[in-house]
Amino acid sequence: MKYISTRGQITPAGFKDAVMMGLATDGGLLLPQHIPHLDQETLAAWQKLPYRELAFEVVSLFADDIPPGDLKRLIDRSYDSFDNKEITPVVRENGVYILELFHGPTLAFKDVALQLLGNLFEYLLKERGRKMNIVGATSGDTGSAAIYGVRGKENINIFILHPHLKTSKVQALQMTTVLDANVHNIAARGTFDDCQNIVKALFNDLPFKEKYALGAVNSINWARVLAQVVYYFYAWFRVADQGGSDIVFSVPTGNFGDIFAGYVAKRMGLPIRKLLLATNENNILTRFINEGDYSLGEVVQTVSPSMDIQLASNFERYLYYLFDEDPARVRDAFAQMALSGRIEFNAAELARVREDFVSRTVNQAETLDTIATFREKTGYLLDPHTAVGVRAAQELVPADATPICLATAHPAKFGEAVQRATGIAPPFPASLSGIDRLPSRCDILDADLAVIKAFIEEKAL
Ligand SMILES: *Cc1c(COP(=O)(O)O)cnc(C)c1O
């Protein structure tokens, strides 16, 4: 399997090179040259596979340059850190199927992909005799999942910047209580945007990037999307086993990574009726699907902070398919975006969008109301991101279809919002209990490029 860029200006690369490249060198995103289409027999053969074996089948279709025995070991090791033997179990509450993606070490769905990416990095760096310094900015979830993905791994250092005192308490503790020597937490005295701008500047400093072999873990890495394709199959099989048909996946969306994995599963031939793209007040993607209006707005802060995003980086991958795999059209669209802050679509394109997607915005009051109502009916606590998807499904999925709602975080991770909605502080799962009494390590630095750069130079591999 070779990988190409959405902008069409790289030499096709194998899976291993695609993982190491992250962002394509022409500024586009990497995609497989073709997406395999599964026949009925293959789907039937996969139906009863446990999670790890299913993951091996899916991933090997796209990663044919890693020997099967090695790939199996990498996958097994990645999911050993999950506290549920099904890895991503599906539960049923009040007629709603909920796909629980929060059983990994940091209690958010990002673990499903970042556990695998961490192991892949370690494997590939060892094979190539190279080292990597991962640098990233986080408003909370990605940072801790990335740290847990690479803690203690050989030939990798990780530097994660978070805005000092501006993440939730649990989110900060999940990062700073990891004491492995290769983990460096930087609390920058500034905002998340300051952190992100510093990281961008470091990556744009090409001599610095080369010298320290900077690596990225944001959701533009193809391996992250690929790892997430697996649970769409897994959940579809579980619900079909129980007689569910016409399945609609409801996906709380920020950077379009998670829902794009669902789109890949659909293109592979998994019979998904629709993908429901659920947004909070940051609803550019809902406006696009429902009104054809893809124009940039201001980022609004909400109770589902991991979805407080305007420009979804993975959206470019979808545009490549919408534009009939024509990289020149993708380049045009982003040139348009840079000039005018919007992309125009014609009626035929919008009709095609609506064959695959439906969408709804769920505002903060509706989100909190959904957490409260769902708990009254079922006793089950939804985190605010999951609640956005559940509410959107309640409003939009017709009676003859079966919704599966992706639960992207454990409610204890966003305990304040859950308490505001229900009056109850969600109990900490075992992995979090006592976290506030653990020793922690973190450097508090000014949000200043020169200061951060000097810090990295001192500690880098
Ligand atoms: C990252 C995140 C999302 C958004 O996922 P995308 O892949 O960025 O669309 C939703 N919920 C939670 C809890 C997250 O951490």
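In listed order, ligands and their atoms are each counted from 1. If you read the sequence from its start, that first residue is 1, and numbering goes on from there.
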Q: Could you tell me whether Lys110 approaches ligand 1 through its side chain, its backbone, both or neither, with non-hydrogen atoms closer than 4.0 Å?
A: side chain
Q. Nearest protein heavy-atom contact for atom 4 (C) of ligand 1: which residue, which atom, what distance?
A. Gly254 N, 3.6 Å
Q. So, for Tyr51 and Phe82, is the gap between ring centers shorter than 6.0 Å?
A. no
Q: Please determine if Asp383 and Lys413 form a salt bridge, counting it only when a charged side-chain N lies under 4.0 Å from a carboxylate O.
A: no
Q) Has ligand 1 got any nitrogen or oxygen that is less than 3.5 angstrom from a nitrogen or oxygen of Asn255? A) yes
Q.
Between Asn204 and Lys209, is the side-chain hydrogen bond (donor to acceptor under 3.5 Å, both in side chains) condition met? List the steps.
A. CA-CA 8 Å; Asn204 284 331; Lys209 182 181 171 207; over 6 Å; no
Q: List every atom of ligand 1 that sits less than 4.0 Å from any heavy atom of Pro252, numbering the atoms from 1 in the order shown and giving each element.
A: 4 (C), 10 (C)
**Q.** Neighbour count above 12 (heavy atom, 6.0 Å) for Gln336 CD
**A.** yes
Q. Around atom CZ of Arg354, are there more than 12 heavy atoms of other residues, nucleotides or ligands at under 6.0 Å?
A. yes
(Q) Counting non-hydrogen protein atoms only, what is the nearest one to atom 7 (O) of ligand 1? Give residue, atom name and distance. (A) Asp258 N, 2.9 Å
Q: Taking atom CD of Gln301 as the centre, report whether more than 12 heavy atoms of other residues, nucleotides or ligands fall under 6.0 Å from it.
A: no
**Q.** Donor-acceptor under 3.5 Å (Asn185 side chain, Met175 main chain)
**A.** yes
Q: Using a strict cut-off of 4.0 Å, indicate which atoms of ligand 1 neighbour a heavy atom of Asp141.
A: 13 (C), 14 (C), 15 (O)
Q) Between Asp326 and Tyr320, does a side-chain contact (heavy atoms from CB on, under 4.5 Å) hold up when you go through it step by step? A) CA-CA 7 Å; Asp326 178 359; Tyr320 177 78; over 6 Å; no
Q.
Check this for me - ligand 1, Phe414, N or O atoms closer than 3.5 angstrom, yes or no?
A. no
(Q) If the cut-off is 4.0 Å to any non-hydrogen atom of Gly257, which atoms of ligand 1 fall inside it? (A) 6 (P), 7 (O), 9 (O)
Q: Tell me which one of Leu406, Asp383, Thr408 gets a heavy atom nearest to atom 13 (C) of ligand 1.
A: Thr408
(Q) Under 4.0 Å from a heavy atom of Ala409: which atoms of ligand 1 are those, numbered in the order shown and with their elements? (A) 13 (C)
Q. Below 3.5 angstrom, do we get any N/O pair linking Phe109 and ligand 1?
A. no
**Q.** Between CD1 on residue Ile147 and CZ on residue Phe159, distance to nearest 0.5 Å
**A.** 11.5 Å
(Q) With heavy-atom distances below 4.0 Å as the criterion, list the atoms of ligand 1 near Thr253. (A) 9 (O)
**Q.** Heteroatom distance test (His385, ligand 1): nitrogen or oxygen, under 3.5 angstrom
**A.** no
